[in-house]
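Structure in structure tokens, see below.
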Protein chains: 2
Amino acid sequence: MDLQEGKDKFIQSWGALGSSWGINRTMAQIHALLLISPVALSAEEIMEELKISRGNANMNIRALIDWGLVFKELKPGERKEYFVGEKDMWEVVKNIITQRKKRELEPMLKVLDEISSVEEVDAESKEFVKVIRDIKLFSSKADSTLDSLVKADSNWFVGTFMKMIR
Amino acid sequence: MDLQEGKDKFIQSWGALGSSWGINRTMAQIHALLLISPVALSAEEIMEELKISRGNANMNIRALIDWGLVFKELKPGERKEYFVGEKDMWEVVKNIITQRKKRELEPMLKVLDEISSVEEVDAESKEFVKVIRDIKLFSSKADSTLDSLVKADSNWFVGTFMKMIR
DNA sequence: CAAAATTTTCAATACTTCCTGAAAAATTTA
DNA sequence: TAAATTTTTCAGGAAGTATTGAAAATTTTG
């Protein structure tokens, strides 16, 4: 397989993967492109490479910066902004976990909290509150497990955890 | 807060959460409804409760059964099918991990494998292959970690892991 | 400060995914 | 086997998301 074919395949697959994870295709493709690019790329170059409009490129680059997956790089003497991708996969995963935890898990915990104040007047409402408390307990555990995971370092992940769990 | 309000809020939030996880809103709502329902429900009842069409209900119930999150229940002497939700959150999470691993992570591993056969003729292609191999290594580790996680039992998750990691 | 370069915004539109409802298929009953 | 009941399918339309492109805003340069 030649380089261009490999690159295209990677960008394409990474984009498809993103789609099933609530990340839009273009955003995932830009991320893929920057992951495999040895040098920082300008918006122009990204537009060119992925055949997308300026607006689209700009929006998704901002979003990636927001997620901590891409960084601006200013070249001395150059007016354009350049962008580099976070290459350390463990960092990538940690950032995604952190963001999604904040955006999704935490709001859900809040809702579960509110909901468990339903008055337990009859069998049905008692059962409801029980189920909700169960889910809340589980979610809180997931939440703090993810916290610890994010604090742990990459070596821990690739080493100890694997051995321990087997 | 009263029961109906609590139920509605839960179904609504669970639906929203699903959307950001590549699971469509209705599917997540049906799952939520069955999670908090103490009894099995028929398609009719689900349609009624969520105000959705028969077709929509049917499709999404099938999908949930496919994911192992909902089961058919046949009541003796009744012609209709009834459905119950998997109530054990650990089972729910395990099924989701298993399915998504199979549908997304494993195909990605396959692609990474193919791609790492790019000929390393120059600096650029060497760098590309290096990055891809890195990602592949990481993904394989994630894959087997998830395998172990799914094999482990719920107690392990709620107990040991939490202590160890802190 | 004005001109040039670059980035950002956003209304219009293209694209994708989801949902409906009615017809077809399947299953059960008598 | 025919009628009744229930489930499944799927074309067409609705709703939701993503993308474009051009204008506005911002930044840099001389």
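Within every chain, numbering begins at 1; the chains are lettered A, B, ... in the order of the sequence lines, protein sequences first and strands thereafter.
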A:Leu69 side, atom CG; A:Asn95 side, atom CG - distance, nearest 0.5 Å: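 Going from the CG atom of A:Leu69 to the CG atom of A:Asn95 covers 5.5 Å.
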
Verdict with reasoning, A:Lys80 to A:Glu45, per salt bridge (Lys or Arg N to Asp or Glu O under 4.0 Å): CA-CA 11 Å; A:Lys80 281 202 192 86; A:Glu45 290 166 319; over 6 Å; no

Nucleic acid contacts - residues 9-29 of chain B versus DNA chain D, non-hydrogen atoms under 4.0 Å: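 Nucleic-acid contacts, sorted: none.
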
Side-chain heavy-atom pair A:Ile135, B:Phe10 within 4.5 angstrom cut-off: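 Yes, their side chains come closer than 4.5 Å.
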
Partner of B:Ile30 by side chain to side chain contact (heavy atoms under 4.5 Å, CB included), out of B:Ile52, B:Val70, B:Asn56: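 Single pass found, and it is B:Ile52.
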
Listed partners of A:Glu120 passing salt bridge (charged side-chain N to carboxylate O under 4.0 Å, His left out), at least two apart: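 Testing A:Glu120 for salt bridge (charged side-chain N to carboxylate O under 4.0 Å, His left out), a comparison that skips the adjacent residues, returns A:Arg133.
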
For chain A, the stretch of DNA chain D it reaches, first to last nucleotide, under 4.0 Å of its heavy atoms: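 Contact span on the strand: D:dA18 to D:dT29.
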
Residue pairs fulfilling salt bridge (charged side-chain N to carboxylate O under 4.0 Å, His left out) with at least one residue in residues 53-64 of chain B, sequence neighbours excluded: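 For residues 53-64 of chain B, and leaving out neighbouring residues, the salt bridge (charged side-chain N to carboxylate O under 4.0 Å, His left out) pairs sorted by first residue read B:Glu44-B:Arg54, B:Arg62-B:Glu81.
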
Side chain to side chain, A:Lys7 and A:Ile36, heavy atoms closer than 4.5 Å: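 Yes, close enough: below the 4.5 Å cut-off.
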
Residue pair B:Leu41 / B:Val39, side-chain heavy-atom distance below 4.5 Å: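 When only atoms from C-beta onward are counted, B:Val39 and B:Leu41 do touch, with a gap below 4.5 Å.
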
Side chain to side chain contact (heavy atoms under 4.5 Å, CB included) partners of A:Lys75, counting only residues at least two apart: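 Scan of A:Lys75 (side chain to side chain contact (heavy atoms under 4.5 Å, CB included), adjacent residues dropped) gives A:Glu78, A:Tyr82.
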
Non-neighbouring partners of A:Glu91 that pass salt bridge (charged side-chain N to carboxylate O under 4.0 Å, His left out), sequence neighbours left out: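 Only A:Lys94 meet the salt bridge (charged side-chain N to carboxylate O under 4.0 Å, His left out) criterion with A:Glu91.
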
Of A:Thr98, A:Val92, A:Val93, the residue whose pairing with A:Ile96 passes side chain to side chain contact (heavy atoms under 4.5 Å, CB included):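 Only match with A:Ile96 under side chain to side chain contact (heavy atoms under 4.5 Å, CB included): A:Val92.
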
Partners meeting side chain to side chain contact (heavy atoms under 4.5 Å, CB included) with A:Ala63 (sequence neighbours left out):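 Expected list: A:Met27.
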
For DNA chain C, the residues among residues 32-45 of chain B that have a non-hydrogen atom under 4.0 Å from it: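 The answer is none.
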
Euclidean distance, B:Asp2 CG relative to A:Ser117 OG, rounded to 0.5 Å: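 Going from the OG atom of A:Ser117 to the CG atom of B:Asp2 covers 10.0 Å.
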
For nucleotides 27-30 of chain C, tabulate all protein N/O to nucleotide N/O atom pairs closer than 3.5 Å, reporting atom names and distance.
{"residue": "C:dT28", "atom": "O2", "partner": "B:Arg79", "partner atom": "NH2", "Å": "3.2"}

Pairing residues for A:Ser125 by the side chain to side chain donor-acceptor pair (under 3.5 Å) criterion, not counting sequence neighbours: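 By the side chain to side chain donor-acceptor pair (under 3.5 Å) rule, A:Ser125 matches A:Asp122.
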
Residues in contact with DNA chain D, drawn from residues 46-69 of chain B - heavy-atom cutoff 4.0 Å: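 Heavy-atom cutoff 4.0 Å gives B:Arg54, B:Gly55, B:Asn58, B:Met59, B:Arg62.
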
Under 3.5 Å donor-acceptor pairs involving side-chain atoms of residues 101-114 of chain A, not counting sequence neighbours:
{"residue": "A:Lys101", "atom": "NZ", "partner": "A:Glu106", "partner atom": "OE2", "Å": "2.9"}
{"residue": "A:Lys101", "atom": "NZ", "partner": "A:Asp143", "partner atom": "OD1", "Å": "3.0"}
{"residue": "A:Lys101", "atom": "NZ", "partner": "A:Asp147", "partner atom": "OD1", "Å": "2.9"}
{"residue": "A:Arg103", "atom": "NE", "partner": "A:Gln99", "partner atom": "OE1", "Å": "3.2"}
{"residue": "A:Arg103", "atom": "NH2", "partner": "A:Gln99", "partner atom": "OE1", "Å": "2.6"}
{"residue": "A:Glu104", "atom": "OE1", "partner": "A:Arg100", "partner atom": "NE", "Å": "3.3"}
{"residue": "A:Glu104", "atom": "OE1", "partner": "A:Arg100", "partner atom": "NH2", "Å": "3.4"}
{"residue": "A:Glu104", "atom": "OE1", "partner": "B:Trp21", "partner atom": "NE1", "Å": "2.8"}
{"residue": "A:Glu104", "atom": "OE2", "partner": "A:Arg100", "partner atom": "NE", "Å": "3.4"}
{"residue": "A:Glu104", "atom": "OE2", "partner": "A:Arg100", "partner atom": "NH2", "Å": "3.4"}
{"residue": "A:Asp113", "atom": "OD1", "partner": "A:Lys136", "partner atom": "NZ", "Å": "2.8"}
{"residue": "A:Glu114", "atom": "OE1", "partner": "B:Lys9", "partner atom": "NZ", "Å": "3.4"}

